[in-house]
Every structure is written in C-alpha cells, then in structure tokens.
Amino acid sequence: MNSLNKVVIFGATSGIAEQAARQLVREGASVFCVARNAEKLDALLTDLRVRGQSGQHIAGCIADLDDVAQHETLWQEAKSSLHGCDGVLLAQGVLPNQAECQQSGSQTLSAIHTNALAPIHLLTLIANDFEAQKQGTIAVISSVAGDRGRQSNYVYGAAKGLLTTFLQGLRNRLFKSGVSVITVKPGFTRTQMTAGMNREGFLWADADEVARGIVNAMRKGKDEVYLKPVWRVVMTVIKLIPETIFKRLSL
C-alpha cells in the first residue's frame with residue numbers, strides 16, 4: 001500500500017477533488033489545496049479543518065494553473081507547507097463548448113492548454129522531485145473522452161488523449177524509481193461541470209463515489225482506473241468500431 005500522509009491537491013474545489021480531499025483527511029492525511037476561487041477554497045479548508053484531527057496540517061493557496069510561470073513557486077510552497085509530499089492529485093480541467101471551439105482556433109488552443117499542456121508542465125516538475133526522492137504517488141484526472149475522438153467533444157477528447165498518453169510514458173519512466181502514476185478516467189459524474197445535463201442512468205456516478213475510487217487507487221498504486229468500471233467495457237466497444245463505420249455515427 002502506498003503512503004498518503006502529505007498530499008497536494010491541485011484543482012481542489014472541483015467536485016471530485018473536494019470529495020477526495022475529505023476522504024484523505026478522514027483517513028488522517030495532511031493536505032495542501034490549490035484552487036482558483038478564493039471563496040470556495042476558504043469554505044473547503046474550513047470544512048476540512050472541522051473534519052481533521054490534532055496534528056493534521058490543512059492549508060492551501062489561490063493560483064491559476066493556466067499560468068505555468070507560477071508552477072515552480074507554487075509546487076515549492078506546497079511542499080514547504082507540508083514539510084514534504086508523498087502524494088499528488090491533479091484535477092485541473094474544464095469542459096469546453098465544442099461548437100464554439102469549432103469556430104475558434106484560439107478557444108481550441110485555450111482548451112488544450114488548460115486540459116493538457118498546463119497539467120503536463122506541472123507534472124514534469126512533480127515527477128522530477130518524486131523520481132529524486134524515489135517514492136510518491138501521482139494521480140491525475142483524465143477522461144474517457146480521450147479514448148477515441150468523437151464529433152461531440154473531440155477538442156476536449158484530444159486534450160485528454162494527449163494527457164493520457166503523457167501519463168502512460170511517465171508511468172513507464174518512473175516505475176523504476178518506485179513512483180506510482182495513476183490515470184483516472186471518470187465517466188459521467190454529477191458535478192458542477194455536468195450541471196444542466198440529464199444525469200440519470202447507470203453510467204452516471206456521484207462525485208463521492210469517484211473520489212473513493214481515486215483514493216483507493218492511489219493507496220494501491222493502480223495504473224489506470226475507470227470510475228465507474230463499466231466505462232472500461234463501454235470504451236473498449238467504442239474503440240473497436242471500424243473507422244469506416246464510426247465516422248458515420250453520431251457520438
């Protein structure tokens with residue numbers, strides 16, 4: 001089992017990351033939370049401190065992870081606050097409007113930067129430190145959307161596909177150093193990101209259910225997890241459809 005005593009959470013006020021933070025604190029971990037919204041972050045830290053026990057360190061800071069120039073300082077601040085780090089959860093990402101991206105190259109690039117390029121920059125810093133200390137657990141929220149490009153969300157899917165491939169290579173590189181790299185692929189999850197959608201059906205999961213799966217995967221040092229597991233079957237079927245047929249489908 002991997003040790004999760006000092007965990008940094010990036011994108012901590014997203015629906016899934018909030019629940020993961022609560023789970024980690026309940027299990028005794030100290031956490032450092034990074035988020036863009038000051039009001040939401042203050043509310044989360046207050047909640048976590050109520051749940052925490054004596055001796056747990058719970059802190060955080062405001063940052064826009066799109067600004068890669070801040071990453072080095074931000075990472076050093078987080079490690080200093082916790083007096084070290086043995087776990088990271090990266091939940092950076094937004095769901096762009098596909099129709100708007102199709103009409104705007106700048107919006108497409110912005111979506112790819114937020115969902116892939118900025119996380120990759122930050123992960124490179126974290127990976128180098130964990131490799132040097134020869135231990136650590138890195139969990140990153142990607143998406144089933146990255147498994148195959150579909151007309152309904154291919155800009156988001158392309159970004160997540162890039163992130164997933166990067167994580168595969170990073171996992172391969174860091175294995176020899178005793179560092180776990182976990183690719184998390186939630187399917188449909190009831191969070192603010194999916195507000196306004198029809199969120200009924202067996203493919204949908206609650207944020208706390210996904211969060212429990214993430215923390216469990218981090219402790220066990222998993223490689224790639226689909227949450228819910230049924231998504232592995234769904235995406236395997238989608239990936240097996242021949243392109244001559246797939247391009248005619250409205251997915």
Side-chain angles (χ1 to χ4, degrees), residues 1-4 7 9-12 14-27 29 87-95 115-116 119 123 136-150 152-154 156-172 174-175 179-195 197-242 246 249 251:
M1 296 287 283
N2 289 337
S3 173
L4 292 175
V7 182
I9 304 174
F10 295 99
S14 69
I16 293 171
E18 279 192 354
Q19 294 297 331
R22 294 185 178 107
Q23 176 84 11
L24 287 162
V25 168
R26 279 196 299 268
E27 295 181 3
V88 167
L89 172 60
L90 179 54
Q92 158 86 340
V94 295
L95 184 63
N115 289 296
L123 286 165
T137 302
I138 302 170
V140 183
I141 297 180
S142 186
S143 174
V144 298
D147 284 7
R148 188 164 190 178
R150 294 173 290 125
S152 59
N153 66 352
Y154 65 80
Y156 179 69
K160 290 300 190 178
L162 170 56
L163 181 60
T164 292
T165 300
F166 177 84
L167 292 170
Q168 289 171 345
L170 192 65
R171 180 162 48 247
N172 186 221
L174 296 181
F175 174 75
V179 178
S180 297
V181 177
I182 301 139
T183 306
V184 180
K185 294 184 177 182
F188 300 144
T189 308
R190 298 179 185 94
T191 65
Q192 186 60 39
M193 182 182 283
T194 58
M197 298 182 183
N198 180 354
R199 303 195 292 187
E200 300 299 322
F202 73 97
L203 290 177
W204 283 87
D206 291 324
D208 60 341
E209 177 185 357
V210 174
R212 287 194 301 272
I214 291 172
V215 174
N216 181 61
M218 292 176 73
R219 291 205 179 278
K220 292 184 176 180
K222 298 283 189 178
D223 297 324
E224 180 181 80
V225 290
Y226 287 80
L227 301 168
K228 297 181 170 182
V230 67
W231 277 103
R232 185 181 296 277
V233 178
V234 171
M235 297 315 298
T236 297
V237 171
I238 288 176
K239 287 187 289 185
L240 288 174
I241 299 172
F246 191 78
L249 303 177
L251 295 175

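Note: hydrogens, waters and symmetry copies are ignored here, and every other heavy atom, side chains too, is used.
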**OP:** Only counting residues at least two apart or in another chain, list the ones meeting salt bridge (charged side-chain N to carboxylate O under 4.0 Å, His left out) with Arg22.
**Re:** Glu18, Asp47
**OP:** Check whether any side-chain heavy atom of Leu24 lies under 4.5 Å from a side-chain heavy atom of Ile9, and answer yes or no.
**Re:** yes
**OP:** Please examine the side chains of Gln168 and Asn172, heavy atoms only from C-beta on, and report whether any two atoms are closer than 4.5 Å.
**Re:** no
**OP:** Report yes if some heavy atom in the side chain of Arg212 is under 4.5 Å from a heavy atom in the side chain of Val215; otherwise report no.
**Re:** no
Original post:
What's the spacing between Tyr156 OH and Leu95 CG if we round to 0.5 Å?
Top reply: 6.0 Å
**OP:** Heavy atoms only: give me the nearest Gln92-Lys160 pair and the separation to one decimal.
**Re:** O-NZ, 3.8 Å
Original post:
Which pair of heavy atoms, one from Trp231 and one from Leu203, lies closest together, and at what distance?
Top reply: NE1-O, 3.2 Å
Original post:
Considering all heavy atoms of both residues, which atom of Ala91 and which atom of Gly11 are nearest to each other, and what is their separation?
Top reply: CB-O, 3.9 Å
Subject >> CG on Leu170 to OG1 on Thr165, rounded to 0.5 Å >> reply: 12.5 Å
Name the atoms and distances for all side-chain donor-acceptor pairs under 3.5 Å in residues 179-188, with sequence neighbours left out.
residue : atom : partner : partner atom : Å
Ser180  : OG   : Asn2    : ND2          : 3.1
Thr183  : OG1  : Arg171  : NH1          : 3.1
Lys185  : NZ   : Asp147  : OD1          : 2.6
Lys185  : NZ   : Glu224  : OE2          : 3.1
Lys185  : NZ   : Tyr226  : OH           : 3.4

**OP:** Starting at OG1 of Thr137, measure out to CG of Leu4 and round the result to the nearest 0.5 Å.
**Re:** 5.5 Å
**OP:** Provide the closest heavy-atom pair for Ala116 versus Ala159 in the form atom of the first, atom of the second, distance.
**Re:** CB-O, 3.4 Å
Original post:
Any chance NZ of Lys228 has more than 12 other-residue heavy atoms, nucleotides or ligands included, within less than 6.0 Å?
Top reply: yes
Original post:
Using a distance-only test with no angle check, is there a side-chain donor-acceptor pair under 3.5 angstrom linking Gln19 and Gln23?
Top reply: no
Subject >> Heavy-atom pair of closest approach, residues Gly93 and Asn115 >> reply: CA-OD1, 3.1 Å
Original post:
Roughly how far apart are Leu163 CG and Leu90 CG, rounded to 0.5 Å?
Top reply: 7.5 Å
Subject >> Interatomic spacing from CD1 in Ile16 to CG in Leu227 - rounded to 0.5 Å >> reply: 8.5 Å
**OP:** Can you measure from OG1 (Thr236) to CZ (Arg148) and round to the nearest 0.5 angstrom?
**Re:** 12.0 Å
